[in-house]
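The residues of the chain are indexed from 1 along the displayed sequence. As a basis for the values below, the full set of heavy atoms in this structure was taken, side chains included, without hydrogen atoms, waters or symmetry mates.
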Amino acid sequence: MSYDILCRFLIDEFSRDFASLLMGKPIDLTILSPKELSVEPIRADSLILLQSEDSVLHIEFQTDPDQEIPFRMADYRLRGYRRFREKDMRQVVIYLRKTNSPLVHQTEFILPQMTHRFEVIRLWEQPTELFLNAPGLLPFAALTRTENPEEVLTEVAQLIERIDNRQQQANLAAASSVLAGLVLDRELINRILRRDIMRESPIYQDILAEGRQEGRQEGRQEGLQEGLQQGLQQGLQQGLQQGLQQGLQEGRQETMAEIARNLLLSGMSVEQIMNVTGLTRERVEQLTNRDSE
């Protein structure tokens, strides 16, 4: 499952938790379709839009740096203004994986006589406590400012188990498992988070389905590659054998033809030459005609 889809799911399920984190208050937000911006977005899969009565919240989750982010944020802001002129628009880029790239510090798009600013959150710089106080933020906790993400994920697992809603438990455990994979080993994650709970989550089922699909694709590719290699090797062997056999046959025929020519010069009859060389009458007569020319 892509991180964009996972994060969109979490925001849809826990919009008030994200409103508290990003807007300072737990207001009700509703998901907007990217098509609300009238022009087809450059990357509709990464665009998350929410709105309240008086504002629009635009969020983009990024796993890795992208030099196109400043332009994209300016572009979306103008599109948002075209559609929602009466509403304020807040734009936040959230980087998930720690990096030293200067691109994750860009907060402006600048052109002559135009400057657009947006907010950036680098999760690895955020205090862990902020993400342990709201269920919808728990899956991100292991990515925050900590020297021991294993310990944080263990605490996340304990907090998830205290949630009464079984479906929420399953979804949060599955989401935590996926995101923790950015900083922790998969085997360790599986020891910390209960897989029996995760199996009840549609997120987990999507992960399994995606894994099976990738496995089938890799299997087909490996099978195709192996088949091509075997076919090539077999083809080369057969080609060499056929070439050798053909070369030997052609060489033998040329040898027999030379012998036949010598026998013709000695006066031997066509029938006798056929018996000695194994050549056909037609071939011997061709040699006879060629020599007479």
Side-chain angles (χ1 to χ4, degrees), residues 1-99 101-127 130-131 133-137 139-140 143-144 175 179 182:
M1 170 178 286
S2 74
Y3 297 108
D4 290 329
I5 297 173
L6 174 61
C7 293
R8 187 189 301 274
F9 174 84
L10 290 171
I11 287 179
D12 192 23
E13 291 291 310
F14 304 95
S15 62
R16 290 176 67 88
D17 292 344
F18 284 90
S20 296
L21 176 68
L22 301 175
M23 305 183 77
K25 50 185 176 180
I27 60 176
D28 292 320
L29 296 170
T30 57
I31 295 288
L32 286 171
S33 167
K35 294 181 180 179
E36 290 286 346
L37 297 189
S38 72
V39 183
E40 189 65 22
I42 301 169
R43 285 186 58 203
D45 59 334
S46 68
L47 177 64
I48 300 176
L49 289 173
L50 304 100
Q51 70 170 339
S52 64
E53 292 183 0
D54 57 1
S55 60
V56 173
L57 177 60
H58 167 207
I59 308 172
E60 288 213 24
F61 288 91
Q62 288 289 129
T63 309
D64 298 306
D66 184 350
Q67 63 182 1
E68 292 298 317
I69 283 290
F71 167 72
R72 197 154 70 231
M73 300 305 281
D75 184 41
Y76 289 153
R77 181 62 186 94
L78 292 173
R79 298 183 191 196
Y81 179 73
R82 181 186 297 118
R83 177 65 178 83
F84 303 102
R85 294 197 179 193
E86 75 286 358
K87 294 187 177 185
D88 292 330
M89 187 171 184
R90 186 166 188 178
Q91 296 179 285
V92 185
V93 181
I94 301 177
Y95 287 100
L96 302 175
R97 179 158 47 198
K98 187 175 182 179
T99 175
S101 170
L103 293 178
V104 300
H105 294 272
Q106 291 182 333
T107 59
E108 293 181 331
F109 177 74
I110 301 176
L111 289 176
Q113 300 181 347
M114 175 183 171
T115 298
H116 174 66
R117 295 182 178 87
F118 54 93
E119 297 178 53
V120 166
I121 292 178
R122 295 172 291 276
L123 282 183
W124 58 92
E125 296 177 356
Q126 302 302 307
L130 283 178
F131 294 81
N133 295 324
L137 304 181
F140 300 92
L143 308 181
T144 58
L179 291 171
L182 292 170

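Across L10, D12, L29, a single residue satisfies side chain to side chain contact (heavy atoms under 4.5 Å, CB included) together with F18, and that is L10. With E60 as reference, I69 is the one residue of I69, D66, I94 to meet the side chain to side chain contact (heavy atoms under 4.5 Å, CB included) rule.
Formation of a donor-acceptor pair under 3.5 Å by the R90 side chain with backbone atoms of L22 is found in this model. Remark: side-chain polar atoms of R16 are paired, donor with acceptor, to backbone N or O of P26 under 3.5 angstrom. Side-chain atoms of R77 never come within 3.5 Å of backbone atoms of H116 as a donor-acceptor pair (strictly under, hydrogens ignored).
Within 6.0 Å of CD in E86 there are more than 12 heavy atoms belonging to other residues, nucleotides or ligands. Within 6.0 Å of NZ in K87 there are more than 12 heavy atoms belonging to other residues, nucleotides or ligands.
When all heavy atoms of I48 and C7 are compared, the pair lying nearest together is CD1-C, 4.3 Å. Across every non-hydrogen atom of L103 and Q67, the tightest pair is CD1-N, 3.9 Å. What you find for F109 and A74 is that their closest heavy atoms are CD2-CB, 3.6 Å. The two atoms that bring D17 and G136 nearest to each other are OD2-N, 2.8 Å, heavy atoms only. The minimum heavy-atom distance linking Y95 with D64 is given by the pair CE2-O, 4.1 Å.
Taking 4.5 Å as the limit, every side-chain heavy atom of F61 sits out of range of all side-chain heavy atoms of Y3. Residues Q51 and V56 meet the side-chain proximity criterion, which asks for heavy atoms closer than 4.5 Å.
Taking the six-membered ring where the residue is Trp, H58 and Y76 present perpendicular rings, their angle passing 60° and hence far from 30°.
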Evaluation steps, side-chain contact (heavy atoms from CB on, under 4.5 Å), between L137 and L130: CA-CA 8 Å; L137 304 181; L130 283 178; 5.8 Å; no
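Between the side chains of S52 and D54, a donor-acceptor pair is found at a separation under 3.5 Å.
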